[in-house]
Amino acid sequence: MNILKVLKKTVIDSQVYVSLMGTLFAVFFMKEQNTFRFPTFALIFITYFSGYLYTKYQYTKHFLKIVVLNAVAGIICAFLIIHNHNEIRLLKWFIIVVLGLLYNSFFLDVYIRKIPLLKVFYVGLVWALVNCWLTLPEFSIPIFLISFFFITALVLPFDIRDMNSDTVKTFPLLIGVDNTKYIAYVLVFISNIIGIFYLDWSYAIAFFMTGIVTYILIYFSDNKRDDAYYSFGVETCSALPFLFLLIMEYF
C-alpha cells in the first residue's frame, strides 16, 4: 500500500504520468505518419508537463517556482524547435501554449475552465492540435478528428468523478451520468470509425482495441470511485494505441 501511495504522489500527482500519456498519444500518430523524432518527443513532453504543473500550482505557495520552471521549460522548448525544426514550428508551438494559458490562468477574469460545458471540447482541441498540427508539416484533418473526439470522450469520465465538487455546469450535472456516458461512447465510436478508414491497418487495429478498453472504463465510471481509477486507469487510455502497436510489432 505504501508503494502505491509513493507511486501516486511521485508519478501521478506530479503530472509526470498525464504528460507521458499525452506524449505517447502523439507518438502513435507521429509513427503512423513516419515523422517521429526524439526532439519532438521531448518538446511535447516538456510542454505538457510544464503546462499541467502551471495549472495545478498557480494558486499555491509554489507559484513562483512554477513560473521559473515554466520559463526554463519555454527556453528549452524554443531551443529544441529552433535547433531541430523551423520558425513555423515555433509559431505553432507558441499558439498551442497560449491556448493552454487560456484554459486556466489566474490573470484572466474568465477562462475556458469556467465556461459551462466547454472544458471537455477545449481539452480535446488542444491535444488534437498537438497531434495533427504541431508534429506534422501540414494540418491533418483526419488526425485532428480522431484525436479531438477521442480525448473529448476521455475528459467526460473526469467530469463524472468531479460532479460533486464542480462549481460550473458540466455534462453529468446537466444531463446525468448515464447520458454523459452515452455521449462518450458515441465520441469514441466516431473516432474509431475515422481511424479505420484513415489509419494504416495495424494502427487502426491498435486504436480499435484501445476503443474497447475505453468503453469498459467509461461504463464503470462513477463519482464514488477512487481517484486512481481516473488518474491512472482512464488516463492510460491515451497511451494505449501506442502500447498496443508495440505489442503487435514485437510480440
Side-chain angles (χ1 to χ4, degrees), residues 18-41 43-45 47-48 51 81 85-86 88-100 103 112 118-157 182-215 217-218 234-249:
V18 62
S19 303
L20 180 60
M21 296 302 99
T23 304
L24 292 180
F25 192 48
V27 169
F28 174 76
F29 293 105
M30 283 192 284
K31 285 180 64 66
E32 200 272 340
Q33 294 290 302
N34 197 28
T35 60
F36 176 80
R37 296 179 64 190
F38 184 77
T40 307
F41 174 92
L43 168 68
I44 295 172
F45 177 80
T47 301
Y48 275 134
I81 296 172
H85 303 289
N86 52 49
I88 299 300
R89 180 74 61 95
L90 183 63
L91 177 61
K92 292 178 180 179
W93 173 79
F94 178 74
I95 292 172
I96 290 172
V97 169
V98 171
L99 289 174
Y103 173 72
I112 300 299
L118 184 58
K119 177 184 73 173
V120 293
F121 301 109
Y122 197 82
V123 174
L125 169 67
V126 174
W127 280 47
L129 288 176
V130 171
N131 295 344
C132 79
W133 191 46
L134 179 64
T135 64
L136 299 175
E138 297 181 357
F139 190 99
S140 171
I141 294 177
I143 291 179
F144 173 82
L145 294 176
I146 293 169
S147 303
F148 174 76
F149 288 125
F150 184 71
I151 295 302
T152 300
L154 285 187
V155 178
L156 289 171
Y182 294 145
I183 293 176
Y185 296 148
V186 171
L187 293 174
V188 174
F189 178 77
I190 294 173
S191 182
N192 268 274
I193 292 298
I194 299 172
I196 289 172
F197 282 101
Y198 176 77
L199 299 174
D200 287 343
W201 187 237
S202 59
Y203 290 83
I205 293 175
F207 198 72
F208 178 78
M209 291 191 293
T210 298
I212 294 174
V213 176
T214 303
Y215 270 120
L217 288 170
I218 292 172
V234 176
E235 206 73 74
T236 303
C237 288
S238 54
L240 286 181
F242 175 71
L243 297 178
F244 279 131
L245 185 67
L246 285 182
I247 293 172
M248 290 190 296
E249 286 183 350

*Ser191 side chain to Ile146 backbone, donor-acceptor under 3.5 Å*: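 Yes, Ser191 side chain to Ile146 backbone: donor-acceptor pair under 3.5 Å.
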
*asked:* Determine whether a donor-acceptor pair (N or O, by modelled atom type, separation under 3.5 Å) exists between the side chain of Asn86 and the backbone of Arg89.
replied: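 A pair under 3.5 Å: yes.
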
*asked:* Would you say that more than 12 heavy atoms from the other residues, nucleotides or ligands in this model lie under 6.0 Å from the CD1 of Ile141, or not?
replied: no

*asked:* Using a 6.0 Å cut-off, check whether atom CD of Glu138 has over 12 heavy atoms from anything other than its own residue.
replied: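 Not buried by this count: 12 neighbours or fewer within 6.0 Å.
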
*Aromatic rings Trp127 and Tyr48: how do their planes relate, parallel, tilted or perpendicular, breaks at 30° and 60°?*
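Tilted.
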
*Anything under 30° is parallel, anything over 60° is perpendicular, the rest tilted; go ahead and classify Phe28 against Phe207.*
parallel

Do the non-hydrogen side-chain atoms of [X] and [Y] ever get within less than 4.5 Å of each other?
{"X": "Thr214", "Y": "Leu154", "result": "yes"}
{"X": "Val188", "Y": "Tyr215", "result": "yes"}
{"X": "Leu217", "Y": "Cys237", "result": "yes"}
{"X": "Ile81", "Y": "Phe94", "result": "no"}
{"X": "Leu99", "Y": "Tyr122", "result": "yes"}

Between [atom1] of [X] and [atom2] of [Y], what distance do you get to the nearest 0.5 Å?
{"X": "Met209", "Y": "Met248", "atom1": "CE", "atom2": "CE", "result": "4.5 Å"}
{"X": "Ile218", "Y": "Tyr185", "atom1": "CD1", "atom2": "OH", "result": "6.5 Å"}
{"X": "Arg37", "Y": "His85", "atom1": "CZ", "atom2": "NE2", "result": "5.0 Å"}
{"X": "Ile143", "Y": "Leu199", "atom1": "CD1", "atom2": "CG", "result": "7.0 Å"}
{"X": "Phe36", "Y": "Phe29", "atom1": "CZ", "atom2": "CZ", "result": "15.0 Å"}
{"X": "Tyr198", "Y": "Glu32", "atom1": "OH", "atom2": "CD", "result": "5.5 Å"}

*Is the gap between the ring centers of Phe244 and Phe208 under 6.0 Å?*
no

_Test of ring centre spacing under 6.0 Å for Phe139 and Phe144_ =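 Yes, the ring of Phe139 comes within the 6.0 Å limit of the ring of Phe144, centre to centre.
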
Taking all non-hydrogen atoms of both residues into account, name the closest pair between [X] and [Y] and its distance.
{"X": "Asn192", "Y": "Gly211", "result": "ND2-CA, 3.7 Å"}
{"X": "Thr135", "Y": "Thr35", "result": "O-OG1, 3.8 Å"}
{"X": "Ala153", "Y": "Ala184", "result": "CB-O, 3.6 Å"}
{"X": "Ile44", "Y": "Ala26", "result": "CD1-CB, 3.7 Å"}
{"X": "Phe45", "Y": "Thr23", "result": "CA-OG1, 3.2 Å"}
{"X": "Leu245", "Y": "Lys31", "result": "CD2-CE, 4.0 Å"}

*Testing Ile96, Ile95, Val97, Leu91 for side-chain contact (heavy atoms from CB on, under 4.5 Å) with Trp93, which one passes?*
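Of the listed options, the one satisfying the test is Val97.
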
*Assess whether side-chain contact (heavy atoms from CB on, under 4.5 Å) is satisfied between Phe149 and Thr152, documenting all intermediate values.*
CA-CA 5 Å; Phe149 288 125; Thr152 300; 5.9 Å; no

*When you look at Phe150 and Phe25, which way does the side-chain contact (heavy atoms from CB on, under 4.5 Å) test go after all the steps?*
CA-CA 11 Å; Phe150 184 71; Phe25 192 48; 3.7 Å; yes

